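Source: prediction; values computed, not measured. As the structure lists them, so they are numbered: ligands from 1, and atoms in each ligand from 1.
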Amino acid sequence: MKKLSIITLLALLAISVRAADYLPIIGNVLNRQTISLNGDWHYIVDIQEEGYYDYRMNPTRWGFFRNAKPQKPEDLIEYDFDASPTMKIPGDWNTQDQRLFFYEGTVWFEREFDYTKKAGIHTLLYFGAVNYDTHVYVNGKKVIHHVGGFTPFNVDITDALKDGKNVVILKVDNKRHAEAVPTQIFDWWNYGGITRDVLLVEVKQTYVENYKLALDRQDFKKIHFNANLNKGVGGETVTIRIPELKISQSLTTDGNGCVSAEIKAKPELWCPENPKLYKVYIEQGGETIEDEIGFRSITTKGKQILLNGKPIYLKGVSMHEEKSNGGGRANGSDDARQLIGWAKELGCNFIRFAHYPHNEHAVREAERMGVLLWSEIPCYWTIAWTNPATLENARNQLRDMIMRDQNRANIIIWSIANETPHSAERDAFLSNLAGHARFLDDTRLISMAMEVTGASNYVNRLNDNMNQYVDIVSFNQYVGWYRDVNDAPKMTWEIPYEKPVIISEFGGGAKYGYHGEKNQRWTEEFQENLYIENLAMIEKIDGLAGTTPWILKDFRSPRRVLPGIQDYYNRKGLVSDSGEKKKAFFVLQKWYEKR
Ligand code: GCU
C-alpha cells in the first residue's frame, strides 16, 4: 500500500483547519434563554432550484429568499410562501407530504416571527440539524451556509433582525453527492428537511460559549472544569456551583476568554445501574446556565473496557434515529423513550447510535435512563478520501458532535467511520479524524466499525491498519446472512490486537409474523436460529467486550425493495417498525440476562 508522504498529510491537515463562515456551536442550548421557532413552516418544492438560479444557472438576486410580494398589479412574482402549504418543523418532508416520499432535491422553508430587540442582547439562530445543504436568510439577508445533516449550527442574526415582523427562509437540498459525508449510497432513508429544533437564543454580548466538566480518568476525586467565552476577553468572572457536592468556585478568564480548574470532589459515579446526575450552575455576567451532569471514567486495560475502573460488558444494540410506525426522523424525548425503552427490555446497557449523531434529546434521555452510548459520524462506505473539502466536512461534523455532547456521561465512544474500504488514502483521512477526536476530547474512547478482512476455511481474520489509531477494535460481520449460512458453529476468529473487541453489527432479516422452517429466509425462525448460532460463535471470541447487533427496529431504506417482505424496509430489526417483538428478540434478551 503506497504510504502518503508527510507533505501530503500536512497539506491535508493545513487545508482542514481553514475556518468557513463558522460560529462555534453554543453549548447546552436546551438550558439557555431561547424562543422556539418550531411549528408550521410554509414550504415550496423547487426541483430545478428556480428560486436560487437564473436560467443560465447563475445564482440570482431575485431568488425566493427575498420573499417578494407584488407591489403593483402588473408585478410578476411567481412564488408565494403565504399561499404555500405548511409542514411541521422539526420534521422530515418525506413523511409529511406523500409527493415527497422519494424526493431528493431542494425545498424552501419560510416562517414569520415577531421579535423585539433588547439592548445589550445578541440573538443567535440555532438549528439542531437540517439535512443536508442549507442556505439561511433572515429578512432577505444571507446569514449562513451549512453542510451536514446531523449536527447543530448557529449564527448571530442580531444585525439582520428588526423589531416587529421578521422572516426566516431556508433553502434545503438533500441531494446525495460523491464528495459529501455521507457519500452517494447509504442503507437508510435520506429524510430531508429541518429535522430538529429551531431556536432563537438570547445571550449577552459576552457569554459562556461552551464548557466541559469531566471526572479525571484515574483520580476519581478530581473534576476537570474548562469553559470559554465567545470572545477573547480576560478578567471576566466565571463561577461554577455544584450544590450537592458543596462546590462553588469563581475563576477569572485569561486573555483568550478561557478558564480551567481542577476541583477536588467525591461524586457518586454515573453508571447504568445508578445514572446519577448532579445539578450544575455556571454563572457569568449575570447569566446562569443550568445543567445536569454525571461523573464517570471510561478507559481500557488490555482487552477490557473499564467503567469507573471496573470491567464492563457492553450489552448493546444498534439503532437508527427513526420513529416507529413509519413516522420518519425521530427528534424528541418521546420518540427516544420509546426506542430506548425497547432496548432496555432487551437487557441493554449500551446503544450504538448509527451511523450519524442522533438528536440531543435522545442522548440526554439515554443518560437519564442509564444507557451508555456509541456516537458516530457518517463516514460510511466509500467516502472521497482525497478530497480536502470532504475531510474538512468530516472534521466539522466530528467537532460539532463532540462540542454538543462533551458533557454527557453516557457517551463513552466516538466512532469515526463504518465499513470503509482499505487504502492509504482512507487511513490518512481516518487517522486525521482519530487525531482530531483525541485533540478535542481526551476523556473518551475512539473506535470505528471495521470489516472482516479475510475468511477462509472457517478462519475469520481482522487485519486493519486503523487498529493503531483506535482504542477499541470493532467490526461488523454477517455470518449466517450475507455469507456462510449455518456455518457459524465452525467459525474461528483471529483478531491480533491487544485491545477490547466490539462486534458492532451482526444479524439477519425477518418479516414479523412470517413463520416457517428455520432455513427459510425471511421467517422469524431463520432470524432466531441465526441469532442462536451467532451468539454461540461470538461468545468464543477472545477479548469480546461488547455487541451491538444490527438492529433494534426495522427501518426504511431505499436499497430494500423486495415486495411483500421489505417494501423499502431493512427487516433486520429485532422488533418490527411498530414494535412487535420477533422471536430473535427473546434469544438476545436471554443471552444478555446471562452476561
Ligand atoms: C451494513 C451497514 C448497515 C446496513 C447493514 C445491512 O453493515 O453498516 O448500515 O444496514 O449492513 O446490510 O443491513
Test log, rule salt bridge (charged side-chain N to carboxylate O under 4.0 Å, His left out), inputs Arg438 and Asp471 | CA-CA 11 Å; Arg438 288 191 199 289; Asp471 300 300; 3.0 Å; yes
Nearest non-hydrogen contact with [atom] belongs to which option: [options]?
atom	options	result
atom 10 (O) of ligand 1	Asp187, Ile551, Asn418, Asn476	Asp187
atom 8 (O) of ligand 1	Arg560, Glu505, Glu451	Glu505
atom 12 (O) of ligand 1	Trp550, Trp381, Tyr482	Tyr482

Taking Glu367 for its side chain and Ala409 for its backbone only, find out whether a donor-acceptor pair lies under 3.5 Å.
->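 Here the side-chain-to-backbone pair exists.
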Test item: Asn570 side-chain N/O and Phe555 main-chain N/O as donor-acceptor pair under 3.5 Å |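 Such a contact is absent between Asn570 side chain and Phe555 backbone.
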For atom 13 (O) of ligand 1, grab the closest protein heavy atom and report residue, atom and distance to one decimal in Å.
->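 The answer is Lys572 NZ, 2.7 Å.
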Identify, for atom 7 (O) of ligand 1, the protein heavy atom at the shortest distance, and state residue, atom and that distance.
->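 Among all protein heavy atoms, the one nearest atom 7 (O) of ligand 1 is Glu419 OE2, 2.4 Å.
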So, is Tyr380 polar-close to ligand 1, with some N/O to N/O distance under 3.5 Å?
->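 Among all N and O atoms of Tyr380, at least one is under 3.5 Å from an N or O of ligand 1.
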Relative to the heavy atoms of [X], which atoms of ligand 1 are at a distance of less than 4.0 Å?
X	answer
Tyr478	5 (C), 7 (O), 11 (O)
His355	3 (C), 8 (O), 9 (O)
Asn570	6 (C), 10 (O), 13 (O)

Where's the contact between [X] and ligand 1, heavy-atom distance under 4.0 Å: side chain, backbone, both or neither?
X	answer
Trp188	neither
Phe555	side chain
Phe186	neither

Around atom CD of Glu517, are there more than 12 heavy atoms of other residues, nucleotides or ligands at under 6.0 Å?
->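 No, not enclosed.
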Residue Lys590 excluded, over 12 heavy atoms near NZ under 6.0 Å |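 At most 12 heavy atoms, drawn from other residues, nucleotides or ligands, come within 6.0 Å of this atom.
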Under 6.0 Å between ring centres: does that hold for [X] and [Y]?
X	Y	answer
Phe353	His320	no
Phe101	Trp93	no
Trp591	Phe586	no

